[in-house]
Asks: 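Sharing a structure below in structure tokens format, with a few things to ask.
No experiment lies behind these values; they were computed from the predicted model shown. These values consider heavy atoms only, across backbone and side chains, with no hydrogens, waters or symmetry-generated copies.
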Amino acid sequence: EMSNGAKLDKESYDWNFAEGESVKSQVIKVVNNKRFREYMVTLRLLIPVWGADFTKAEIYDHTNNALGHPVYPTFVSQQTRGTGFDGEHVLIVTRHAIGSHLLKVSDLRQNNISRIPLNLTGVAQGTFTVNMGAQVKGHTYVANLSANTAASPLKIYHWTDPSAAPEVIANFGPIADAGARNGDNMSVNLDENGNGFIYFGDNAVSKIVRLTVTNYTTITNPTVLTNAAGSTLAMSFNRVGNTADYIYTGYEAPIRVANESATISYALGNSAVPMKGSDARVITFNKERYLIMTTAARTGSDAVVLYVYDITKGGTTTEALKLFDEKADKSPVFQYSLLGPVNPAPITQTGWYVTKDAQGKDEKLTLYTASTDAGFVIIDFPKKAL
């Protein structure tokens with residue numbers, strides 16, 4: 001409504017929404033003789049919004065960051081290098097006197113630390129008897145650090161009841177041509193039925209051991225693959241959903257797409273994201289796709305930072321990464337610092353979990369990350385809403 005004699009400076013205005021835009025603003029002018037006033041007008045299309053709302057993070061911090069709690073006590077002197085996360089529990093694999101244990105995520109959200117010790121009866125052998133781990137749909141896996149000899153074989157232990165003695169589900173040693181040290185890293189990729197692969201990259205970054213897993217606990221067919229340059233002792237090899245694609249990287253290599261045999265089909269540009277990004281994963285939530293990773297603090301002034309990038313566009317993993325690499329603005333949609341410190345074994349883990357609503361739709365995205373001597377953090381994000 002305008003006063004007598006007032007009119008708009010134009011008869012009509014064009015709102016041209018670019019692809020992917022749902023909100024657009026422009027200035028309109030009301031003129032009355034020699035007087036005028038400008039107004040900012042915003043139009044919002046009434047269309048669904050997708051993905052996570054990264055402006056509404058709820059953070060449960062146990063890192064060196066001043067926010068939240070002090071760094072978790074086992075993350076000292078490189079004594080905790082392996083962790084795991086499945087949305088229900090955090091797994092801490094440690095040589096600290098506290099011992100390896102589980103933490104309930106629901107407790108952590110209430111600022112409550114109530115450790116669930118792992119029964120380590122029969123856990124023996126290795127340069128370190130425990131070093132890496134994974135938490136997968138209620139299944140706990142812990143691996144030793146192996147010298148790949150008969151006296152120091154590669155061993156994996158399994159629990160569904162932390163109070164019970166573990167089941168030894170892998171005991172391989174030596175594995176021919178597998179390198180002189182295995183267990184500095186561990187990538188567990190299992191489907192809903194507990195079938196898939198476990199990968200270990202050797203310390204010399206020359207070989208990868210791939211183990212076949214059936215029904216969560218049957219491990220067979222140790223296969224030696226060639227490792228790629230730059231993978232480092234902190235390499236990771238993570239499957240993308242139920243596809244044939246794996247995200248393969250280390251803190252001196254770009255983000256790479258490979259098949260189950262570590263044959264690389266695409267590599268993201270070296271400068272697209274920080275090169276130190278480790279345990280990179282491609283995940284989906286509420287119809288958007290993200291690349292997540294955490295940088296490893298290996299030398300100099302390296303930081304430990306969780307990064308999240310939107311790579312929704314594209315029909316496949318490779319196409320999504322190519323389109324992302326071609327963008328002028330590759331800024332993360334979210335980042336969070338764990339603050340380091342630099343150390344010789346910056347083994348780093350990431351994880352994610354989706355909470356569903358009563359209709360089975362994505363409701364909340366939870367991200368997890370940890371790194372040697374830096375601690376761990378859990379971050380919840382709600383889905384976007386109009």
Side-chain angles (χ1 to χ4, degrees), residues 81-84 91 93 123-136 139-158 166-191 194-240 244-253 256-264 278-281 345 347-349:
R81 305 184 188 188
T83 72
L91 167 66
V93 182
V123 175
Q125 296 183 292
T127 304
F128 297 123
T129 56
V130 299
N131 201 53
M132 287 292 110
Q135 188 69 18
V136 184
H139 295 259
T140 302
Y141 299 90
V142 171
N144 66 344
L145 183 61
S146 165
N148 197 27
T149 64
S152 180
L154 179 61
K155 301 178 76 172
I156 302 175
Y157 304 91
H158 171 264
E167 179 183 5
V168 181
I169 59 174
N171 189 348
F172 297 107
I175 301 172
D177 200 33
R181 174 165 150 161
N182 302 110
D184 282 301
N185 56 76
M186 179 184 186
S187 299
V188 178
N189 298 276
L190 304 182
D191 63 18
N195 301 324
F197 298 107
I198 297 176
Y199 294 85
F200 294 92
D202 75 329
N203 184 267
V205 197
S206 60
K207 305 293 182 180
I208 298 173
V209 174
R210 186 188 70 193
L211 305 177
T212 301
V213 185
T214 307
N215 194 27
Y216 290 106
T217 58
T218 301
I219 296 185
T220 58
N221 194 29
T223 302
V224 178
L225 311 171
T226 300
N227 209 340
S231 296
T232 71
L233 81 163
M235 70 153 279
S236 60
F237 204 89
N238 296 316
R239 190 180 180 190
V240 180
D245 296 331
Y246 290 78
I247 303 299
Y248 172 25
T249 193
Y251 59 68
E252 292 178 355
R256 301 171 295 209
V257 180
N259 64 12
E260 65 185 40
S261 297
T263 300
I264 297 170
S278 299
D279 208 26
R281 301 174 188 270
I347 316 301
T348 300
Q349 294 88 39

Asks: Could you go through the side chain to side chain contact (heavy atoms under 4.5 Å, CB included) check for His158 and Thr217 one step at a time?
Replies: CA-CA 7 Å; His158 171 264; Thr217 58; 3.4 Å; yes
Asks: Going by atom types alone, do Asp279 and Asn238 pair a side-chain donor with an acceptor below 3.5 Å?
Replies: yes
Asks: So do the side chains of Ile219 and Ile156 get within less than 4.5 Å of each other, counting heavy atoms only?
Replies: yes
Asks: With heavy-atom distances below 4.5 Å as the criterion, would you say the side chains of Lys155 and Asn171 are in contact?
Replies: yes
Asks: In the structure I gave you, are the side-chain heavy atoms of Ile198 and Asn189 within less than 4.5 Å of one another anywhere?
Replies: no
Asks: Take Leu211 and Phe200 through the test side chain to side chain contact (heavy atoms under 4.5 Å, CB included) and record every step on the way to the result.
Replies: CA-CA 9 Å; Leu211 305 177; Phe200 294 92; 3.9 Å; yes
Asks: Measuring from Leu154:CG to Leu145:CG, what's the distance to the nearest 0.5 Å?
Replies: 9.5 Å
Asks: Just by distance, no angles: are the side chains of Ser152 and Asn148 close enough, under 3.5 Å, to form a donor-acceptor pair?
Replies: no
Asks: Does Thr83 reach the side chain of Val93, with side-chain heavy atoms less than 4.5 Å apart?
Replies: no
Asks: Do you know the tightest heavy-atom contact between Asn131 and Gly183?
Replies: ND2-O, 2.9 Å
Asks: Can you tell me how far the CD atom of Glu260 sits from the CG atom of Asp245, to the nearest 0.5 Å?
Replies: 11.5 Å
Asks: Can you see which heavy atom on Met132 is nearest to which on Met186, and at what distance?
Replies: CB-CB, 3.7 Å
Asks: Quick one: closest heavy-atom pair of Val136 and Tyr216, and the distance?
Replies: O-CE2, 4.4 Å
Asks: Output the distance between atom CG (Leu91) and atom OH (Tyr141), rounded to the nearest 0.5 Å.
Replies: 12.0 Å
Asks: What are the two closest heavy atoms between Val188 and Ala134, and how far apart are they?
Replies: CG2-CB, 3.5 Å
Asks: Give the minimum heavy-atom separation between Pro174 and Ala150, together with the two atoms involved.
Replies: CD-N, 3.9 Å
Asks: Would you find a donor on one side and an acceptor on the other, under 3.5 Å apart, between the side chain of Gln125 and the backbone of Ser146?
Replies: no
Asks: How far does CZ of Arg210 sit from OG1 of Thr223, to the nearest 0.5 angstrom?
Replies: 4.5 Å
Asks: Let me know which of Asp184, Asn185, Thr232 forms a side chain to side chain donor-acceptor pair (under 3.5 Å) with Asn203.
Replies: Asp184
Asks: Any salt bridge between Lys207 and Asp177, counting N to O under 4.0 Å?
Replies: yes
Asks: Distance from Leu233 atom CG to Arg81 atom CZ, nearest 0.5 Å?
Replies: 8.0 Å
Asks: I'd like to know if the side chain of Tyr248 pairs up with that of Asn227 as donor and acceptor (distance under 3.5 Å, no hydrogens or angles considered).
Replies: yes
Asks: Can you label the angle between the Tyr246 ring and the Tyr199 ring as parallel, tilted or perpendicular, going by 30° and 60°?
Replies: perpendicular
Asks: For Val130 and Val123, what are the C-alpha separation, side-chain angles and deciding distance, and is it a side chain to side chain contact (heavy atoms under 4.5 Å, CB included)?
Replies: CA-CA 8 Å; Val130 299; Val123 175; 3.9 Å; yes
Asks: Taking all atoms of both residues into account, what is the closest heavy-atom pair of Val224 and Ala176, and its distance?
Replies: CG2-O, 3.5 Å
Asks: Please tell me whether Ser231 and Arg256 have a donor and an acceptor in their side chains that are separated by less than 3.5 angstrom.
Replies: yes
Asks: May I ask you to decide if Ala262's main-chain N or O and Asn259's side chain share a donor-acceptor pair within less than 3.5 Å?
Replies: yes
Asks: Between CG of Asn182 and CD1 of Ile208, what distance do you get to the nearest 0.5 Å?
Replies: 11.0 Å
Asks: Just by modelled atom types, is the Ala147 backbone N or O under 3.5 Å from a matching donor or acceptor in the Thr149 side chain?
Replies: no
Asks: Check step by step if side chain to side chain contact (heavy atoms under 4.5 Å, CB included) holds for Tyr251 and Thr348.
Replies: CA-CA 10 Å; Tyr251 59 68; Thr348 300; over 6 Å; no
